[in-house]
Amino acid sequence: MNVAFVTPRLSKLADHAGARLVLFTFEERHPLAGITGAVDWRLHGHLSRLVIRGFLTGKAGEKLLVPLDDRLAPSHLVVLGLGPRDALDAARTEGALRRMFDAARALGEAELVVALPGRPEQLVDPVEAISLFLAVYGALERPPKVAIVEAAAAQKAMLAVLERHRLKRSMPTT
């Protein structure tokens with residue numbers, strides 16, 4: 001299992017050259033929050049303009065690929081729609097994570113830098129978010145390297161779950 005953490009600062013993305021940056025968005029037209037808002041700022045409001053024009057809607061299942069050139073260290077930005085904010089639940093989150101890994105596989109081998117669904121907006125508890133992520137990640141035949149974008153305080157809670165998961169997977173079965 002190759003999962004690490006990165007704090008939600010644009011400067012920290014510099015360590016992830018060539019990665020695919022994955023962000024999730026909701027249907028509602030709220031200002032883009034957290035790392036999504038910071039990325040939009042670095043892209044000079046490109047994502048906000050796509051939202052205003054109706055090209056980026058946030059509908060469940062929506063996928064948008066943005067080449068980043070030299071604006072950020074990751075090579076591409078993948079934005080995935082989550083649907084209505086109040087409809088985010090475990091099943092929708094797991095489905096979005098599966099779509100994320102499917103999209104990443106279609107784009108070719110690369111590290112993923114991911115802000116987990118609902119976490120930039122703090123709608124999902126960090127332990128629940130990492131647990132749902134691990135349920136999907138653990139079922140992959142060839143899981144990619146992943147850096148999860150998360151604040152330091154939440155990283156601690158998530159790391160405890162990640163370590164338990166690693167221990168459980170390394171224990172021999174009888």
Side-chain angles (χ1 to χ4, degrees), residues 3-89 92-108 110-126 128-130 132-133 136 144-155 158:
V3 178
F5 293 95
V6 60
T7 56
R9 303 180 76 104
L10 292 178
S11 62
K12 298 298 181 182
L13 296 180
D15 297 334
H16 301 277
R20 313 285 193 243
L21 175 60
V22 181
L23 303 172
F24 295 88
T25 188
F26 293 100
E27 280 184 24
E28 294 82 2
R29 287 192 174 190
H30 293 278
L32 299 173
I35 191 68
T36 307
V39 167
D40 186 43
W41 175 81
R42 176 62 61 88
L43 299 177
H44 304 287
H46 181 66
L47 298 178
S48 292
R49 284 192 301 280
L50 292 175
V51 169
I52 290 167
R53 292 178 185 149
F55 190 77
L56 176 61
T57 65
K59 290 189 186 305
E62 179 179 50
K63 291 185 260 185
L64 175 71
L65 176 66
V66 179
L68 294 175
D69 305 319
D70 61 349
R71 294 175 279 186
L72 287 167
S75 63
H76 292 85
L77 168 63
V78 179
V79 183
L80 299 172
L82 291 171
R85 183 180 296 254
D86 60 358
L88 186 65
D89 59 11
R92 188 174 293 256
T93 298
E94 287 181 355
L97 291 168
R98 280 192 289 280
R99 283 193 312 280
M100 174 189 74
F101 286 118
D102 289 345
R105 188 172 39 258
L107 290 171
E111 174 189 16
L112 300 179
V113 178
V114 180
L116 296 177
R119 284 300 304 145
E121 303 83 3
Q122 297 183 10
L123 296 174
V124 179
D125 176 76
E128 179 183 0
I130 192 70
L132 293 169
F133 170 82
V136 175
K145 180 178 180 183
V146 176
I148 296 173
V149 179
E150 192 58 70
Q155 283 183 28
M158 291 176 151

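Residues satisfying the side chain to side chain contact (heavy atoms under 4.5 Å, CB included) criterion with Asp15, sequence neighbours excluded, are absent altogether. Every residue two or more places apart in sequence or in another chain was checked for a side chain to side chain donor-acceptor pair (under 3.5 Å) with Thr7, and none qualifies. Remark: Asp102 engages Arg105 in a salt bridge (charged side-chain N to carboxylate O under 4.0 Å, His left out) (not counting sequence neighbours). With sequence neighbours left out, the side chain to side chain donor-acceptor pair (under 3.5 Å) criterion links Thr93 to no other residue.
For the pair Ala60 and Arg99, the tightest heavy-atom approach, listed with the atom from each and the gap, is C-NH2, 4.5 Å. Considering all non-hydrogen atoms of both residues, Lys63 and Ala103 come closest at CD-CB, 4.2 Å. Of all heavy-atom pairs between Ala87 and Arg92, the closest is O-NE, 3.2 Å. The minimum heavy-atom distance between Ile35 and Arg9, with the atom names listed, is CD1-N, 4.1 Å. The two atoms that bring Leu112 and Pro144 nearest to each other are CD1-CG, 4.0 Å, heavy atoms only. Contact between Arg119 and Ala154 at its shortest, heavy atoms only, is NH2-CB, 3.5 Å.
The shortest side-chain heavy-atom distance between Phe101 and Val146 falls under the 4.5 Å cut-off. Side-chain contact between Thr25 and Leu32 is present, with at least one heavy-atom pair separated by less than 4.5 Å. The shortest side-chain heavy-atom distance between Pro117 and Leu97 falls under the 4.5 Å cut-off. Contact check for Leu21 versus Leu13: side-chain heavy atoms found under the 4.5 Å cut-off. Taking 4.5 Å as the limit, every side-chain heavy atom of Phe133 sits out of range of all side-chain heavy atoms of Val114. Glu28 is listed as a side-chain neighbour of Pro84, based on a closest heavy-atom distance under 4.5 Å.
Screening residues 37-62 for salt bridge (Lys or Arg N to Asp or Glu O under 4.0 Å), with sequence neighbours left out, gives no hits.
Note that OG1 of Thr36 is 9.5 Å distant from CZ of Phe26, once rounded to the nearest 0.5 Å.
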Please report the C-alpha distance between Phe24 and Met100 in whole Å, then the side-chain angles of each, then the deciding distance to 0.1 Å, and finally whether the side chain to side chain contact (heavy atoms under 4.5 Å, CB included) criterion is met. CA-CA 9 Å; Phe24 295 88; Met100 174 189 74; 4.1 Å; yes
When you look at Glu27 and Arg85, which way does the side chain to side chain contact (heavy atoms under 4.5 Å, CB included) test go after all the steps? CA-CA 7 Å; Glu27 280 184 24; Arg85 183 180 296 254; over 6 Å; no
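With Gln155 contributing its side chain and Glu150 its backbone, the two residues share a donor-acceptor pair below 3.5 Å.
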Distance-only donor-acceptor pairs under 3.5 Å for side chains of residues 65-83, two or more places apart:
unit_1, atom_1, unit_2, atom_2, d
Arg71, NE, Leu68, O, 3.4
Arg71, NH2, Pro67, O, 3.0
Ser75, OG, Gly18, O, 3.4
Ser75, OG, Ala19, O, 3.4
Ser75, OG, Arg20, NH1, 3.0

